Amino acid sequence: MSDTVNTEFVLDMQRKLYRWSAADPDKRYADLFNIVCDRRTLLRAWERLARNRGSNTPGTDRVTRKVVEEHPDGVAGFLEDIRQELRQGIYWPQPVRQRLIPKPGKPGKFRPLGIPTLKDRLVQMALKLVLEPIFEADFYPTSYGFRPGRSTHDALARVRHRLNPTSAGPSRSRYVIEGDIKGCFDAIDHHVLMDRVRRRIQDRKVLRLVLAFLKADIMIEGNLRHPVTGTPQGGIISPLLANVYLTAIEERYKRWIPNPRDKTRERGQQRLQADYKRGRPGFYVVRYADDFVVLVQGTLQDAEQERLALAQFLKEELRMELSMEKTKITDVREGFDFLGYRVAQEKLRSTGRCVGMLFIPKNKSQLLRDKIKAKVRGKPTGFTLADLIDDLNPVIIGWRNYYRYASRSWREFAKNDWWMYWRLKSWLGKKHDKASRRKLRRIYTKSGGKSSGWHMGEKKLARFADAKRLLYPDRGLRIPNGWNATSDEWFQKGADKFWEATHALASL
């Protein structure tokens, strides 16, 4: 069966599910299991899975993509075995292998990463292909995390937009509540989550699969742990389930923010305007996964009362705890951290108007330098400069592409380029027994000048300043997700690129 046939079947199915869900918010789906088990769905799930480098990371059964492809029955036999297990009702998830990943900038702290088996990842991918368009129709426009077609920069653009002046005058957002939930993904209550899933899904076999993945054992250093709360970080379906759960936060603020089926921004803005005229506070939430901020149209006292009310809401509705010491209330003019950027409202010299601006936090540049320093020190002088360039370029390019939307980013880029030049000059000096700078430039630069950067053959060290500063646009409510877009080409070529962008934050 060709890749085109699989793609067309799945895309057509997803568009129908999305359209039906968007048209009827109370619709419950009773016959989805057959779609999950369809050979075309499983094949499409395998295609998506095989493109991911993680497909060669083994779970507790030690099976990888390479092992499957080298088996006599190959991929077709592997998929057919899974299909028969699902059909016969004997499929059950295997234990998840857990690894601890160091948190950037937090020495001694780790993030647990669950690695399901390849078979379980495939079934999760098939489930996700079917369930995602159903729930996507219910997600609020101000939620951006792990959703097709959306990225961290979309969330930042929305916050920046709310701090900009309008035709009615300066922005009325005076304070921001920086939300922080204690151990969010580990604290997700299975009962509450399944109740929210059942609002849309009636198929008992699909519900049984979702619950089985939530209850899957976790293998930690040879010992099995039976989870009673949480979604395994690393599971393919986990981000979708987390969004289903955390949508309750947007529901709390639905009076003031755009709703899922609103065609324009006007309704929420009109309610904010009405509350302002009556002297009532208004709140506007922007969320990316478990990171969220609440922009407050009101006084400091209003913000403090809302923080207490939000903590009570999370405790009662989601059985989660808001970290009061980390959930700060900040004046927007002082600035606050969100998704790796520093967001602040500053006055433009040219017009004198206060606008929302994005900056590169100082600690992010320092974390970058620490990471590069460790990579340089980890390369003995027996390695070539080309080897070091291959190791450093992905870090440099990823960092500069993420922060190219920051105001005055060129200044930080220039500082980093200067620092990188001397860092590699020191390494090359040790490699060539303290050779002079002139000799090193003659060997490792094309024009013999500092501005040309370090080269070796066809390999050139990437420069931060090569990324020109851009203004990321606020794309509004109708962001294409592949099901509300009119172009198949966008979905096939663009969606995967956006999905990669949403994971870029993890490396910062």
Side-chain angles (χ1 to χ4, degrees), residues 1 5-50 59 68 75-96 116-139 148 188 190-217 231-232 235-245 482-483:
M1 191 176 295
V5 172
N6 299 333
T7 302
E8 289 178 355
F9 167 77
V10 173
L11 182 55
D12 185 58
M13 173 269 295
Q14 290 178 319
R15 282 176 170 168
K16 287 179 180 177
L17 292 174
Y18 178 82
R19 186 170 65 250
W20 294 337
S21 296
D24 185 358
D26 298 319
K27 183 177 178 62
R28 297 179 68 209
Y29 295 84
D31 189 15
L32 297 175
F33 189 72
N34 289 331
I35 304 177
V36 174
C37 297
D38 191 285
R39 288 187 177 90
R40 291 165 293 185
T41 305
L42 293 174
L43 275 168
R44 180 59 180 159
W46 173 263
E47 292 162 9
R48 293 278 296 270
L49 199 64
V68 172
V75 174
F78 179 70
L79 298 183
E80 187 60 29
D81 289 343
I82 294 176
R83 183 172 180 273
Q84 291 303 323
E85 287 185 25
L86 289 169
R87 287 287 188 188
Q88 295 168 18
I90 60 175
Y91 170 81
W92 195 257
Q94 299 178 51
V96 175
T117 64
L118 189 65
K119 179 192 290 187
D120 294 339
R121 274 176 271 173
L122 181 82
V123 178
Q124 287 191 37
M125 179 65 79
L127 260 180
K128 179 174 174 289
L129 289 173
V130 176
L131 297 182
E132 188 172 38
I134 295 173
F135 289 105
E136 180 68 23
D138 294 333
F139 292 156
I188 290 177
H190 293 170
H191 297 291
V192 176
L193 174 57
M194 291 306 298
D195 284 343
R196 297 186 69 85
V197 172
R198 289 189 191 97
R199 293 181 185 179
R200 278 299 199 174
I201 310 302
Q202 195 174 352
D203 191 317
R204 295 179 64 180
K205 292 181 180 179
V206 169
L207 292 172
R208 177 177 174 270
L209 270 180
V210 173
L211 186 59
F213 286 123
L214 292 174
K215 298 294 186 182
D217 293 336
T231 59
I236 289 176
I237 202 171
S238 295
L240 173 62
L241 296 178
N243 270 333
V244 172
Y245 194 83
W483 310 307

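Keep in mind that the numbers below use all heavy atoms, side chains included, and drop hydrogens, waters and symmetry copies. Everything quoted here is computed from the prediction, not taken from an experiment.
Of all the heavy atoms in Trp483 and Pro133, the pair that sits closest is CZ3-CA, 3.8 Å. Residue Arg121 comes nearest to Gly59 through the heavy atom pair NH2-N, 4.1 Å, listed as atom of the first residue, atom of the second, then distance. Closest approach of Ser21 to Ala137, counting heavy atoms only: CB-CB, 3.6 Å. The two residues Cys37 and Arg87 make their nearest non-hydrogen contact at CB-NE, 3.9 Å.
Here the side chain of Ser238 pairs no donor or acceptor atom with the backbone of Thr231 at under 3.5 angstrom. Side chain of Gln124 to main chain of Ile237: a donor-acceptor pair is present (N/O by atom type, distance under 3.5 Å, no hydrogens or angles). Remark: side-chain polar atoms of Tyr18 are not paired, donor with acceptor, to backbone N or O of Gly482 under 3.5 angstrom. Judged by distance alone, the side chain of Arg44 and the main-chain N or O of Leu129 form no donor-acceptor pair under 3.5 Å.
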>> Could you go through Trp46 and Leu79, starting from their C-alpha distance and side-chain angles, then the distance that decides it, and tell me whether this counts as side-chain contact (heavy atoms from CB on, under 4.5 Å)?
In response: CA-CA 8 Å; Trp46 173 263; Leu79 298 183; 4.2 Å; yes

Point to revise | Check against side-chain contact (heavy atoms from CB on, under 4.5 Å), Asp120 and Val96 | key: CA-CA 9 Å; Asp120 294 339; Val96 175; 5.9 Å; no

Stepwise side-chain contact (heavy atoms from CB on, under 4.5 Å) check, Met13 with Val130
CA-CA 8 Å; Met13 173 269 295; Val130 176; 4.1 Å; yes

- Applying side-chain contact (heavy atoms from CB on, under 4.5 Å), run through Leu241 and Leu214 and close with a yes or a no. CA-CA 10 Å; Leu241 296 178; Leu214 292 174; 4.0 Å; yes

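With rounding to the nearest 0.5 angstrom, the CZ atom of Arg200 is 11.0 Å from the CG atom of Leu32. In this structure, CD1 in Ile134 is found 4.0 Å from CD1 in Ile201, a value given to the nearest 0.5 Å. To the nearest 0.5 Å, atoms CG (Leu42) and CD (Glu80) are separated by 9.0 Å. Considering CG of Leu86 and CG of Asn34, their distance stands at 11.0 Å, rounded to 0.5 Å. Of the inter-residue distances, the one linking Thr7 atom OG1 with Arg48 atom CZ reads 9.5 Å to the nearest 0.5 angstrom. Annotation: the span from Arg39 atom CZ to Phe9 atom CZ amounts to 12.0 Å, rounded to 0.5 Å.
Using a 4.5 Å cut-off on side-chain heavy atoms (C-beta onward), Phe139 and Leu240 make contact. Proximity of Leu209 to Phe33: side-chain heavy atoms (C-beta onward) are separated by under 4.5 Å at one or more points. At least one side-chain heavy atom of Val206 sits under 4.5 Å from a side-chain heavy atom of Leu127. Looking only at side-chain heavy atoms (C-beta outward), Asp203 and Tyr29 stay at 4.5 Å or farther from each other. Annotation: side chain of Arg40 is not in contact with side chain of Glu8 (no heavy-atom distance under 4.5 Å). Here the side chains of Leu211 and Val197 are not in contact, with every heavy-atom distance at 4.5 Å or above. With a 4.5 Å cut-off on side-chain heavy atoms, Lys119 and Phe78 count as touching. Contact annotation: the side chain of Leu131 never approaches that of Val244 to less than 4.5 Å [non-hydrogen atoms, C-beta and beyond].
Residues satisfying the side chain to side chain donor-acceptor pair (under 3.5 Å) test with Gln202, not counting sequence neighbours, are none. Taking Tyr91 as the reference, nothing meets the ring-ring contact (aromatic ring centres under 6.0 Å, His included) condition, with sequence neighbours excluded. Every residue two or more places apart in sequence or in another chain that forms a side chain to side chain donor-acceptor pair (under 3.5 Å) with Arg196 is listed here: Glu251.
Within 6.0 Å of the NZ atom in Lys215, the count of heavy atoms belonging to other residues, nucleotides or ligands exceeds 12.
Salt bridge annotation for Asp195-Arg199: absent, with no cationic side-chain nitrogen under 4.0 angstrom from a carboxylate oxygen.
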